[in-house]
**Student:** 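Sending over a structure as structure tokens; questions will come in a sec.
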Amino acid sequence: MHYKEYKSVNYAAIADEILEFWKQNKIFEQSIEVREGSPAFTFYEGPPSANGTPGIHHVMARTIKDIFCRYKTLRGYQVKRKGGWDTHGLPIELQVEKELGITKEDIGVKISVEDYNKQCRETVMRFTDQWNDLTEKMGYWVDLDDPYITYKNEYIESIWYLLKEFYKKGLLYKGYTIQPYSPAAGTGLSSHELNMPGTYKEVKDTSLTAQFKVKKSEKSDFLFEAAKGDNVYILAWTTTPWTLPANSALTVGKGIDYVLVHTFNPYTYLPVNVVLAKVLVNKYLSEKGHEGDFEGFEASDKKIIPWTVLAEFKGSELEGIEYEQLLPYVQPEAAAFRVIIGDFVTTEDGTGVVHTSPTFGADDFRVAQQNGIPPIMIKDETGKDVPIVDKRGRFVKEITDFALDYVKEQYLTDAEKETERQKQGRDKYLSVDERISIKLKTENKAFNVQKFDHPYPHCWRTDKPVLYYPLDSWFIRTTAMKDRLVALNKTINWQPESTGTGRFGNWLENAVDWNLSRSRYWGTPLPIWRSEDGEEVCIGSLEELKNGILHAQKDDALSIEQKQKNAYFLELLAENKEDLHRPFVDEVYLVSTSGKVMQRESDLIDVWFDSGAMPFAQWHYPFENKEIFDNSYPADFISEGVDQTRGWFFTLHAISGMLYDSIAFKNVVSTGLVLDKNGNKMSKRLGNAVNPFETLAQYGADPTRWYMITNAEPWDNLKFNVEGITEVQRKFFGTLTNTYNFFALYANLDNYKMTEFDRVPYERLPEMDRWILSKLNTLVKEVAEQYETYNPTKAGRLVQDFVCDQLSNWYVRLCRRRFWQGEMTENKQAAYETLQHCLVVVSQLMSPIAPFYGDWLYRNMTDCIREEAKAKRTHFLHESVHFTTWHEYDASMVDTDLEESMELAQRISSLVHSLRKIHKIKVRQPLQRVLIPVLSESTREKIRHVEEIIKSEVNIKAVEYLDDDSGILKKKVKPNFKVLGPKYGKDMKEVGNFINSMTGEQLKELEKSGELYTNSALATFSYLKLEDVEILTEDVPGWLVASEGGITVALDMTISEELRNEGIARDFVNRIQNYRKDNGFEVIDKIVISLYNNSEMLVNAIEANKEYICQEVQALSLAIVQDSPQDASQIEMDEFLLIVKVNVVK
RNA sequence: GGGCUUGUAGCUCAGGUGGUUAGAGCGUUACACUGAUAAUGUAAAGGUCCGUGGUUCGAGUCCACGCAGGCCCA
């Protein structure tokens, strides 16, 4: 026996078996070794975090990665894939805090930073075992023996190196971002803290609509013209009037409609022309005043303010208009006070114009930066730029009218309020907002002031309002190289393309500087040491740090304690026990060139920098492995979820682009989400998360992977339904396994063993074999194209369709007889060889997606000649399909004519089947002939080619052709719109009607002379050309016909006595075969049959076909007896009752 | 609110550059086959192609505006 036979297969068991084989023989390692010296295909693994358990979506994401690495190996590349772990970051910290029952505030108090980080380090690798287990079980090949781990010193050192490179290029700088800040507590708040319940409280604030006076310029001319040369103001609304001294721009929405309104200021009653959003006019001006009495206003009681619209325009027309500074206490360093466009402007509140102060609003900051608008800032005593409100929440002295006043009333104690009240000389303390309102009212700069209720965030510790306030941060100056990053991105092949051009491209175009700072504990420390007056050094290696310390130790600037701490760090270094995390690096003190003590900036860096640095840091570049790095940069391929667009994809791209003017990856597949079967997001909380281990154990890795890949394109979201996996199991894997088993069963019976030589030469192969080989080669070509363009879904579907429709349902089904009949002939050998070849190639084509099953099939097919192949150094010497090289597409084996012929055979057979069906004539009943109308000689030739196949497939004696000359063909003519369209355009209806109502005579004329005089009223349509129509046959008068897609078939339903007898004989054979089987006869058993003559018709039929029957059922004799035999069996046949005795001949 | 994306049969999905009768698999129903048989084949039923406008002789396909879902950002 050369081929293993399987009664039933369990795909999970196959995976286990193959996995064991892989482990025992180090197949993964070997798959890389066998490609030693071959060109490299580089893959970067986006590191997962092992602090959570893996989910089914990880199976999806990693299958994609695996597919292309395996495919490229088959294509002869060496594909090293180093695994990695992402180990830093907030999720880990939060998890540790939850487990220890502490908050961030407790770190350094209840638990030392050292212990806390120790805890993080342990927690982060907690589920590594589960991850490794999943990796194995799903068949994902990645090197987990030597992964990169982002918390390792070597990794961090490489990051420091990169940061220093940024620093040297002037791309790493200290700036600020607008963050929630509590002046009362003196600390910034995280978004996490801001999301705590009770943070947002309903408060009553002073809201103010200010009038910004427009300057005359080319851009604003149209406003002044409409206002007849008078003053023009832009109205902007704010709930924080204290930010108005920091205003440096006004933001409008580019698509919003604005109007210029002529009216009076409600406080000063001066005539004004104001700009605001069209839909908000009614919020400020009552309908009663519309087109009111301007002339009489001065004399009236001024209760109704008249107004009229002078002009209407889009926000985009306002862009660039300049205005006068509203409260000119502090001057900006560059040109400011312009109208800019922002995407966050709404017309829900206010005026549709947003007062913009870059120091006190996150949106404001961003939009100002994008438009080159400077913030309003002053210099502090050290010369540093600071905002006009200090860290305690008070105006700086430069804001003369309100110097040192708290901007929020709530920051004052009652006693302070009283003192202030006396200073103000009023009976009630007036807040800054109120006093600014009064000032603006009197200066004709306020258009509206009122109290406004709205929710406002409060500090959870002090209960006082939060300010949005600029806080120090370190940045990478992405904006400086934006254009280059955009240009580089255009050279990357994105799959799908829209993620690259749209989501990623747009994001790059609008990118702001990358904020690196995180004020946490467990992460890569920022390697910058800084003195109080701003001297700083960026450390790029351990060596540099060591030298820095040694240098500092000699300096008197350090205290004894500082020197002791430095000494301790040096000691650790000497013993190689250093830890580059906090708190250790924080206790290193350096000395600046001018002799000042420098301490490390306390920030950690964004964990995304960690992962984005992996091309370098995974190899500890440039300190080690320079050569390896050079050979594996940039990556040929990466893949992650589309949610990584602004995460890993961006940081990889930014670091490579900015430091090395290179892309980091050439091809990228961004994958969609895995949802539950109803399209909802999976979550542990909702309990609809699918456990990947259970799924793999129950269904097997191969069907699971196959289902995920072929069901939807990877970038579409996948609605994960296990029923889909069972379908894949049945449909694809079941069919393929059956096909294999069929092969194995007969090959073993025939003692056939694959040979790589002495094959039946191609020229002598039967049509059927040549056809499936042609299909196979076409398949190889198409599958390769799909893999090459990173379309695994289409690749899988192609393989699946080939296996199910062509190989199993057509080739094997129609060739069954060749396998089970007679001795080994050339024809039979050809069948074995052809099927064997198809199966082996399929095993390879499918192996990237279904690596276990592919290998299993390959090994089942080739194990029997392995030793021989090894000895002769031939194709199948490899013990795993994953070592093989891609089956070369052989164009000479592709015969498109033959493929078309066979397709005709399939379609014609299907039509005949359907006719039989309708008329209830079973396939076992032979029919005399089928008529096929053909209009061209080439079609006739193609069908003739496969006549035999059609005849046996549908049990018909003859195929006949009807051509035009027969005269009985009824033809149908249809307009060819594609041709007619350009010619006749809107006269199409008329032309169409003409064609549809053409007579047979006219059609004949058209066919004969190639054109037809139409006698149409349309001048352009006097002649109809042959190319303008499609001619088909649809009917054969007097016959039963079926047609579909241009093919028509007519079936002769006459059942002659001879045909009837044959039908009965075949039915009889069928019953005997069933009997043999039911009674457990062996396939090779010979039998003798005695049939009781209880029907003339039956016996006649059997006598007439006796030879045929005996051959089919392997009967040595078939006797008709006049008495019912003893122990006879009774078998039902359609119209007869068989009383028959069947005995095995021993 | 913005960027990107999806919407076709009960379910999962195909439907180059517009061409009039929109396909496949699963499921359902019926039938056939019975030496691939806990398989297999054939057929039938099943569709306001998310909606509304527009361009066009003609729109599932192109355009605009919506609706619903998703991701990211604010």
Side-chain angles (χ1 to χ4, degrees), chain A residues 7-8 253 342-348 362-363 366 496 498-507 509-510 641-647 670 672-673 675 677-681 707 710-713 715-719 721 723-724 726-728 730-732 734-735 737-746 793-794 797 800-801 804-805 808-809 812-813 816-817 819-821 909-918 920-924 953-954 974-992 1044-1045 1070-1071 1073-1074 1076-1078 1081-1083 1112-1114:
Chain A
K7 284 236 158 51
S8 66
D343 57 20
F344 54 88
V345 181
T346 71
T347 50
E348 268 164 37
D363 275 335
R366 182 171 52 85
S498 62
T499 303
T501 52
R503 191 185 271 232
F504 194 68
N506 289 347
W507 148 260
E509 304 261 4
N510 296 311
V642 67
D643 52 341
Q644 295 286 321
T645 309
R646 289 166 193 195
S670 74
L673 259 66
L675 308 169
K677 64 178 174 188
N678 299 318
N680 298 313
K681 215 173 158 172
Y707 161 70
T710 57
N711 187 63
E713 304 214 283
W715 35 90
D716 281 341
N717 290 345
L718 172 70
K719 289 184 197 162
N721 188 348
E723 281 170 35
T726 42
E727 189 182 324
V728 160
R730 265 208 322 275
K731 180 115 184 73
F732 174 60
T735 304
T737 309
N738 272 328
T739 306
Y740 166 75
N741 262 332
F742 174 84
F743 172 84
L745 176 71
Y746 289 103
T793 306
K794 292 210 170 82
R797 286 176 182 172
Q800 182 167 313
D801 290 347
C804 295
D805 298 342
S808 170
N809 184 31
V812 172
R813 195 159 57 82
R816 273 184 297 197
R817 278 182 173 266
F819 290 90
W820 77 58
Q821 263 185 353
S909 300
S910 157
L911 285 170
V912 173
H913 277 304
S914 98
L915 279 172
R916 279 179 169 275
K917 171 104 238 150
I918 293 165
K920 296 198 192 307
I921 299 171
K922 55 175 83 174
V923 180
R924 246 178 316 207
E953 172 68 6
V954 297
K974 269 175 73 180
N976 185 344
F977 288 102
K978 221 167 191 166
V979 176
L980 291 169
K983 281 197 203 169
Y984 299 110
K986 65 165 87 64
D987 298 324
M988 184 65 77
K989 282 226 167 72
E990 201 154 330
V991 175
E1044 183 253 349
N1070 164 248
R1071 299 306 193 275
Q1073 298 287 36
N1074 282 350
R1076 287 182 59 119
K1077 202 172 169 215
D1078 293 343
F1081 292 9
E1082 290 300 321
V1083 175
E1112 285 295 306
V1113 303
Q1114 305 193 60

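Computed from a prediction, not measured in an experiment: that's the story for all the values here. Convention: sequence-line order gives letters A, B, ...; per-chain numbering from 1.
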**Student:** In whole Å, measure the gap between the P atoms of C71(B) and A39(B) for me.
**Tutor:**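 Looking at atom P only, C71(B) and A39(B) are 39 Å apart.
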**Student:** Would you say that Y707(A) contacts N721(A) through its side chain, given a criterion of any heavy-atom pair below 4.5 Å between the two side chains?
**Tutor:**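 The answer is yes; the side chains approach within 4.5 Å.
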**Student:** Roughly how many Å apart are G27(B) and A64(B), using the C1' atom of each and rounding to a whole number?
**Tutor:**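 These two C1' atoms come out 39 Å apart once rounded.
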**Student:** Could you tell me the separation between the OG1 atom of T735(A) and the NZ atom of K731(A), rounded to the nearest 0.5 Å?
**Tutor:**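 Taking OG1 in T735(A) and NZ in K731(A), the distance rounds to 5.5 Å.
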**Student:** Reading RNA chain B from 5' onward, which residue's closest nucleotide shows up sooner: R924(A) or W507(A)?
**Tutor:**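 This one resolves to R924(A).
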**Student:** In terms of ring plane angle, is the pair F819(A) and F742(A) parallel, tilted or perpendicular, where the classes change at 30° and 60°?
**Tutor:**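 Perpendicular: the ring planes of F819(A) and F742(A) meet at over 60°.
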**Student:** Polar pairs (N or O, both sides) under 3.5 Å between protein and nucleotides 40-43 of chain B?
**Tutor:**
{"unit_1": "A43(B)", "atom_1": "OP1", "unit_2": "S910(A)", "atom_2": "OG", "d": "2.9"}

**Student:** Given that V1113(A) and A712(A) both sit by RNA chain B, which one's nearest nucleotide is further toward the 5' end?
**Tutor:**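 Looking at RNA chain B, the more 5' nearest nucleotide goes with A712(A).
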**Student:** Could you measure between the two P atoms, the one in C49(B) and the one in U8(B), and give it in whole Å?
**Tutor:**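 11 Å, rounded to whole Å.
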**Student:** Rounded at 0.5 Å granularity, tell me how far CG in L718(A) sits from CG in L675(A).
**Tutor:**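 Rounded to the nearest 0.5 Å, the CG-CG separation comes out at 7.5 Å.
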**Student:** If you measure from the C1' atom in C65(B) to the same atom in G25(B), how many Å do you get, rounded?
**Tutor:**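 Pairwise C1' distance, C65(B) against G25(B), rounds to 36 Å.
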**Student:** Identify the pairs formed between an N or O of the protein and an N or O of nucleotides 63-70 of chain B at a distance under 3.5 Å, and give each distance.
**Tutor:**
{"unit_1": "G70(B)", "atom_1": "O2'", "unit_2": "N717(A)", "atom_2": "ND2", "d": "2.9"}

**Student:** Hunt down the Watson-Crick or G-U wobble partner of G25(B), both distances under 3.5 Å, from any strand shown, or write none.
**Tutor:**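 Matched G25(B) with C11(B) under the 3.5 Å cut-off.
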**Student:** If U17(B) has a Watson-Crick or G-U wobble mate with both distances under 3.5 Å, name it; if not, just say none.
**Tutor:**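 U17(B) is paired with nothing.
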**Student:** For G15(B) versus U61(B), give the span between their P atoms, rounded off to a whole number of Å.
**Tutor:**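 To the nearest whole Å, 15 Å.
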**Student:** Looking at N711(A), I'd like to know whether one of its side-chain N or O atoms comes within less than 4.0 Å of OP1 or OP2 on C13(B).
**Tutor:**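 Answer yes for this pair, as a side-chain N or O of N711(A) is under 4.0 Å from OP1 or OP2.
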**Student:** Considering just the side-chain nitrogens and oxygens of R797(A), establish if one lies under 4.0 Å of OP1 or OP2 belonging to C13(B).
**Tutor:**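 False: R797(A) side-chain N/O out of range (4.0 Å or more) of C13(B) OP1/OP2.
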**Student:** What residues form a side-chain hydrogen bond (donor to acceptor under 3.5 Å, both in side chains) with R924(A), not counting sequence neighbours?
**Tutor:**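 Partners of R924(A) under the side-chain hydrogen bond (donor to acceptor under 3.5 Å, both in side chains) test: D1067(A), N1070(A).
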